[in-house]
Number of protein chains: 2
Amino acid sequence: MQDKLFEFISKYISLTEEEKNTLLSLDLFHSVKKGDVLLKEGQKTLNSFFVLKGCIRVYYNINGEEKTTAFYTEMEGLTPHCAINKNQSEYYISCIEDSILVVSNDNMSIEVNKKFPKFDIMCRKLSEELLAKKQIDFDEFKTSSPEQRYLNLLQKRPDLIQRVPQHQLASYLGIKPQSLSRLRARILEKK
Amino acid sequence: MQDKLFEFISKYISLTEEEKNTLLSLDLFHSVKKGDVLLKEGQKTLNSFFVLKGCIRVYYNINGEEKTTAFYTEMEGLTPHCAINKNQSEYYISCIEDSILVVSNDNMSIEVNKKFPKFDIMCRKLSEELLAKKQIDFDEFKTSSPEQRYLNLLQKRPDLIQRVPQHQLASYLGIKPQSLSRLRARILEKK
DNA sequence: ATCATTTCTTAACTTAAGTGAACGAGCTAT
DNA sequence: ATAGCTCGTTCACTTAAGTTAAGAAATGAT
């Protein structure tokens, strides 16, 4: 499982054995169970989460209703907003499948970056890439209807539709569960 | 105007005079006129754009229709997706006011980063921060109705509503110009 | 100053999403 | 096994956005 992490990192920088060992000494790997909550609204954390296996989701509690806004699956990760601006978190992060995560905290990465400055380069490339990608995703969302978004998701991340409950998918698509149900029925009719 | 750039940079790293001079020697500052197109669909560029004064917008041409997805005003900037993944651009970038921009290109920043590695640190902090902010913006967009989005924009970026044409604002809000018109009339009624 | 174009608004109509309620299927815990 | 939940779907109704068209207002070009 560690190899998957190194494989991912190698897309951005190359690591010596020494550097790999430094990383392995940091107790990065964590198993979490379906339903485990990694971060709650109002909490603070300096942790970042990277998914090696499984799926985590981000959701808000808005007037007692859960609104899911993001899923992270294999080889995807997030640094919560609150870890960057040192606020309390506005959202929850929880685990929707038994998962294996790399959990790294900010102090840790400051240490690592001191020892191996090229980690900064990786983090920079990675976050620039993710930023550009997020912008494209946002653009696609803005410029399409709920039905187009669903069809788009079906193309791009068919796994999500399988592994994620409908009502969570619905808010991810910016609509209510009933509307998603109806929209799917409508698509089936058309075929 | 250069001071505004240094002031911005100083939020992330501190610069020596030598470093400032190196930056100034790079011919970074450009004046552009309202309507000037900085990037077209299908083009490639390695340039990044940072707005010192004025406003630029990102828009797509989808079935002959312009869909505006982003605005960048004072002290905001973007690195186009195509500059990161070396593709042809999917979108246009143009100037909606006479503006003063910092235009930096990728080769240039590689040079600068070699000389002054702390620029990498700045870029990293900056893009991590922007990524987290973009995610929050996206979340807000997903979890609110067009009307809420408009009211939200009115709070957070009242300047945009003044300086940007309605039909561009509309697609920025994910709706048609007619719907924006109607929605604004509805809000006025309620008051 | 005038003409042409673009932009914004309004209106009538269509389509789709939101809302509230009901029902059955599947899970969970006891 | 069953009682209690959650989840997904369906329905009827409401509300708002999309569409098409028309006209007024603002802008730009000659």
| said: On the nucleotide D:dA16, are OP1 or OP2 found under 4.0 Å from the side-chain N or O atoms that A:K176 carries? | reply: no

| task | May I have the distance from A:I175 (atom CD1) to D:dA16 (atom C1'), rounded to whole angstrom? | result | 15 Å

| CG of B:D106 to OG of B:S48: how many Å apart, nearest 0.5 Å? | 7.5 Å

| request: Would you kindly give the CG-to-P distance between B:L169 and D:dA17, to the nearest whole Å? | output: 15 Å

| Has B:K134 got its NZ or CZ under 6.0 Å from the middle of the six-membered ring of A:F138, at an angle within 45 degrees of the ring axis? | no

| When the distance from CZ of B:R186 to P of D:dG18 is rounded to whole Å, what number comes out? | 11 Å

| field | Atom-pair distance (CD on A:Q148; C1' on C:dA17), nearest Å | value | 15 Å

| What is the distance from OH of B:Y150 to P of D:dA16, rounded to the nearest Å? | 17 Å

| request: Return yes when atom NZ of B:K4 has more than 12 non-hydrogen atoms of other residues, nucleotides or ligands closer than 6.0 Å, and no otherwise. | output: yes

| query | Salt bridge between B:E128 and B:K133, side-chain N to carboxylate O under 4.0 Å? | reply | no

| query | Using the benzene-type ring in the case of Trp, are the ring centres of B:Y59 and B:Y91 under 6.0 Å apart? | reply | no

| request: Can you tell me the distance, in whole Å, between the CG atom of B:L173 and the P atom of D:dG18? | output: 11 Å

| Hey, which of these two, B:K34 or B:S145, hits DNA chain D nearer its 5' end, going by closest nucleotide? | B:S145

| query | Can we say A:K34 and A:D98 salt-bridge, meaning some charged N sits less than 4.0 Å from an Asp/Glu carboxylate O? | reply | no

| For the pair made of CG in B:L183 and C1' in C:dC8, what is the distance, rounded to whole Å? | 14 Å

| Roughly how many Å is it from CD1 in B:I96 to C1' in D:dT27, rounded to a whole number? | 16 Å

| Test side chain to side chain donor-acceptor pair (under 3.5 Å) applied to B:Y12 and B:K125, B:E129, B:K118, the passing residue | B:E129

Considering only nitrogen or oxygen atoms on both sides, find all protein atoms under 3.5 Å from nucleotides 7-12 of chain D and state each distance.
unit_1, atom_1, unit_2, atom_2, d
D:dG8, OP1, A:Q166, N, 2.8
D:dG8, OP2, A:Q166, N, 3.4
D:dG8, OP2, A:H167, N, 3.1
D:dG8, OP2, A:H167, ND1, 2.8
D:dT9, OP2, A:S181, OG, 2.8
D:dT9, O5', A:S181, OG, 3.0

| task | From the options A:R184, A:R186, A:R182, select the one residue that forms a salt bridge (Lys or Arg N to Asp or Glu O under 4.0 Å) with A:E147. | result | A:R186

| Lys/Arg-Asp/Glu bridge criterion (N-O < 4.0 Å) met for B:K53, B:E74 | no

| task | Specify the angle, to 10°, made by the local axes at the two ends of the helix from C:dA1-D:dT30 to C:dT30-D:dA1 when five pairs are taken at each end. | result | 60°

